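Every number for a ligand or one of its atoms is a count from 1 in the order of the listing. Since this is a predicted model, take the numbers as computed values, not measurements.
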Amino acid sequence: MAKIMAVNAGSSSLKFQLLDMPKELLITSGIVERIGMKDSIFMIKLNGEKIEETKDIANHSEAVKMLLEKLIDLKIISSFDEIEGVGHRVVHGANVITDSCIITEKEIEVLESIVDLGPLHLIPNLTGIKAFREVLPHVKQVGVFDTAFHQTMAEEAFLYAVPYEWYERYQVRKYGFHGTSHKYVSERTAEILRKKPEEINIIVCHIGNGASICAVKQGKSVDTSMGFTPLEGIPMGTRSGSIDPAIVEYMMNKKNKSSKEITNILNKQSGYLGVSGLSSDSRDLVEASSKGNHRAQLAIDIQAKRIVDYIASYYVYMGGVDAIVFTAGIGENAAPTRENIINRLGVLGAKIDTERNNCRGVERLISADDSKIKVFVVPTNEEVMIARDTMKLTHH
Ligand code: AMP
């Protein structure tokens, strides 16, 4: 048995899970928040119980040290040597890192050279990797990349119709994100269907605060809705999804704002929040719309229409689909939103079973027996995917 740590480092947070591999059993999980601020919060879950501590944690290295000491204090491990690998979620590998890999000095340099492509996430990801390297110098660090699964897209799917030089010199292309989730969910769906991934075509709808749709043809991503950045695609909690790019300059002039300010609005004040004027949280919108709030319903409907646009397009692109799968916060929990989407797909023969659909956070078939496409809810598990790849790369 091996203990593997799966890590997701944000700018002021560090989420972790310790897994017993290859059994894929969760030993413990937790999060450090407000790193670098006053009153940082350290939380670890043990046997279903939350243990919390508030204390100033100056940086990610301190957070990692505290985490490891806690693991010893709580007798989860008896020495640091028990951790045989640390897997990091990394948002971007660009064209250069196309699969999970061991992170050495060379990979760190590569990631630093592409930081421009996703600074918001890549900088904290690198900080997390460096912190673990510093505190656990003898333990192998593995990077698992959100973009990697989508590296199988064809040129016609990943290139934008802009001057080719933008791609050649500046790496402007569709990368796609949530790859680890799309991969996990599509592989799990194949297992449920008792098929090999190569035998089926699946559309994965990862709908959480961030959201993307992925066309998985015979086990490989052939298209996905997020693009050069996670802003493209369907509307999300606070992101607009795709819009006419000419709106940016028009609104810069109208509001006398910089392109940076407008982009910030498209990232942080649009989507569910922008349309409803109420909340970015799907629970609030589902509740408000059930009480007749028009703009809450509109925010949900705009998203549902766009999701259906992608599903229809991927159905045609892949030449048919065996299953449509919902995952992430909204996909796993919001039954009315799933029903709203599937009801729009009647022309493809997809049919929801409302009773089966009345579920939350469980793996389940939710389509009717006479549905031409099977529809599932499959809870995502990016950490298991990270731990699997870390195990593979550190134990061979
Ligand atoms: P994620 O980013 O995957 O954590 O998903 C977050 C989203 O899931 C938020 O919009 C939540 O409101 C939504 N969510 C979680 N539970 C429910 C629920 N019971 N009903 C509707 N939406 C939910």
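- Within the 4.0 Å heavy-atom shell around ligand 1 one finds Ile330.
- With atom 10 (O) of ligand 1 as the reference point, the heavy atom nearest to it among Gly210, Gly329, Ser181, Ser282 is part of Ser282.
- By the 4.0 Å N-to-carboxylate-O rule, Asp223 lies close enough to Lys174 to be salt-bridged with it.
- The closest protein non-hydrogen atom to atom 20 (N) of ligand 1 is Arg283 CG, 3.6 Å.
- Residue-level proximity to ligand 1 for Arg360 is carried by the side chain, the only part with a heavy atom below 4.0 angstrom.
- The shortest contact between atom 18 (C) of ligand 1 and any protein heavy atom is with Asn333 CB, 3.4 Å.
- When each of Glu332, Glu363, Arg188, His178 is paired with Thr327, the side chain to side chain donor-acceptor pair (under 3.5 Å) condition holds for Glu332 and for no other.
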Problem - Criterion side-chain contact (heavy atoms from CB on, under 4.5 Å) on Ile76 and Leu18, from CA distance to verdict - result: CA-CA 10 Å; Ile76 298 168; Leu18 188 67; 3.9 Å; yes

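- A salt bridge links Arg344 with Asp301: the closest approach of a Lys/Arg side-chain nitrogen to an acidic carboxylate oxygen falls below 4.0 angstrom.
- In this structure, the protein non-hydrogen atom closest to atom 12 (O) of ligand 1 is Asp281 OD1, 2.3 Å.
- For ligand 1, the atoms closer than 4.0 angstrom to any heavy atom of Gly208 are 1 (P), 2 (O), 3 (O), 5 (O).
- In this structure, the protein non-hydrogen atom closest to atom 6 (C) of ligand 1 is Asn209 N, 3.6 Å.
- Among all heavy-atom pairs drawn from His92 and Phe145, the shortest one is O-CD2, 3.5 Å.
- Between Glu24 and Arg388 a salt bridge is recorded (basic side-chain N to carboxylate O distance below 4.0 Å).
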